[in-house]
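Okay, structure first, notes after.
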Amino acid sequence: MLKKILFWVSTAMLTLIMCFSVYNYFFNNDLIIGFFENMGYPTYLIYPLAIAKLLGLVAIWGNFSKPLKEWAYAGFFFNVVLAFFAHYMVSDGEHMGAVIATFAVLVSYFTGKEVRP
């Protein structure tokens, strides 16, 4: 029962974090462009990354296929780990969101293997 609760809470947290990110990518575009330029990332990645995050959430929540779900978790893991290091390297103080997201991804992934095989 505890694993189910951990899975659903961490997956909901991951979903909220990613939806907040997607919202900002689409509706606070000027702010996000500034972040991307400050970190040295090309700004043309903003919209594809937002769409990939939405598709990843669909893959996890939909539970359509195991390989697709694995790729979605891998994508989220790489995204949040790289976000952590990007924020840390430019010292903008925004790296704690990535730490929380990393925790949510890992807990959701490992508890999900037992709760939703």
Give the intermediate values and the outcome of side chain to side chain contact (heavy atoms under 4.5 Å, CB included) for residues L2 and L6. CA-CA 6 Å; L2 178 63; L6 282 173; 4.2 Å; yes
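- The structure places CD of E70 at 3.5 Å from OH of Y109, a figure rounded to the nearest 0.5 Å.
- From L14, atom CG reaches atom CD1 of I100 across 12.5 Å, with rounding to the nearest 0.5 Å.
- The side-chain hydrogen bond (donor to acceptor under 3.5 Å, both in side chains) check on D92 picks up H87, with sequence neighbours excluded.
- Counting heavy atoms from C-beta on, the side chains of M18 and N79 come closer than 4.5 Å.
- When every heavy atom of S108 is checked against every heavy atom of Y73, the shortest pair comes out as OG-OH, 2.7 Å.
- Under a hydrophobic clustering in which Ile, Leu, Val, Met, Phe, Trp and Tyr are joined whenever their side-chain heavy atoms come within less than 4.5 Å, directly or via other members, V80 and L49 fall into different clusters.
- Here L82 is tied to no hydrophobic group at all, with no ILVMFWY side chain closer than 4.5 Å.
- Within the model, atoms CG of L16 and OH of Y23 stand 14.5 Å from one another, a figure rounded to the nearest 0.5 Å.
- Every residue was checked against the salt bridge (Lys or Arg N to Asp or Glu O under 4.0 Å) condition with E94, not counting sequence neighbours, and none meets it.
- The cluster map of Ile, Leu, Val, Met, Phe, Trp and Tyr, joined by side-chain heavy atoms under 4.5 Å apart, puts M96 and V105 in the same cluster.
- The ring pair (Phe, Tyr, Trp, His ring centres under 6.0 Å) check on W61 picks up W8, with sequence neighbours excluded.
- For the ring pair (Phe, Tyr, Trp, His ring centres under 6.0 Å) test, no residue two or more places apart in sequence or in another chain qualifies with F7.
- By the side-chain hydrogen bond (donor to acceptor under 3.5 Å, both in side chains) test, S10 pairs with no residue at all, sequence neighbours left out.
- Every residue two or more places apart in sequence or in another chain that forms a side chain to side chain contact (heavy atoms under 4.5 Å, CB included) with A72 is listed here: A59, I60.
- The shortest side-chain heavy-atom distance between V9 and I5 falls under the 4.5 Å cut-off.
- Linking Ile, Leu, Val, Met, Phe, Trp and Tyr whenever their side-chain heavy atoms come within less than 4.5 Å leaves F78 and W71 in two separate clusters.
- Among residues two or more places apart in sequence or in another chain, the side-chain hydrogen bond (donor to acceptor under 3.5 Å, both in side chains) test is passed with T102 by none.
- Hydrophobic side-chain contacts under 4.5 Å tie F20 to no other Ile, Leu, Val, Met, Phe, Trp or Tyr residue.
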Throw together a table of side-chain donor-acceptor distances under 3.5 angstrom for residues 26-35, partners on residues two or more places apart or in other chains.
from : atom 1 : to  : atom 2 : distance (Å)
N28  : ND2    : N24 : OD1    : 2.6
N29  : ND2    : Y25 : O      : 3.0
N29  : ND2    : Y47 : OH     : 3.1

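- The minimum heavy-atom distance between K53 and S21, with the atom names listed, is NZ-OG, 2.6 Å.
- For E114, the salt bridge (Lys or Arg N to Asp or Glu O under 4.0 Å) partners are K3, not counting sequence neighbours.
- In terms of the salt bridge (Lys or Arg N to Asp or Glu O under 4.0 Å) criterion, K4 has no residue partners (sequence neighbours excluded).
- Note: the hydrophobic cluster containing F85 also contains F77 (ILVMFWY, side chain heavy atoms under 4.5 Å, direct or indirect links).
- Cluster membership check: F36 does not share its hydrophobic cluster with V22, using side-chain heavy-atom separations under 4.5 Å among Ile, Leu, Val, Met, Phe, Trp and Tyr.
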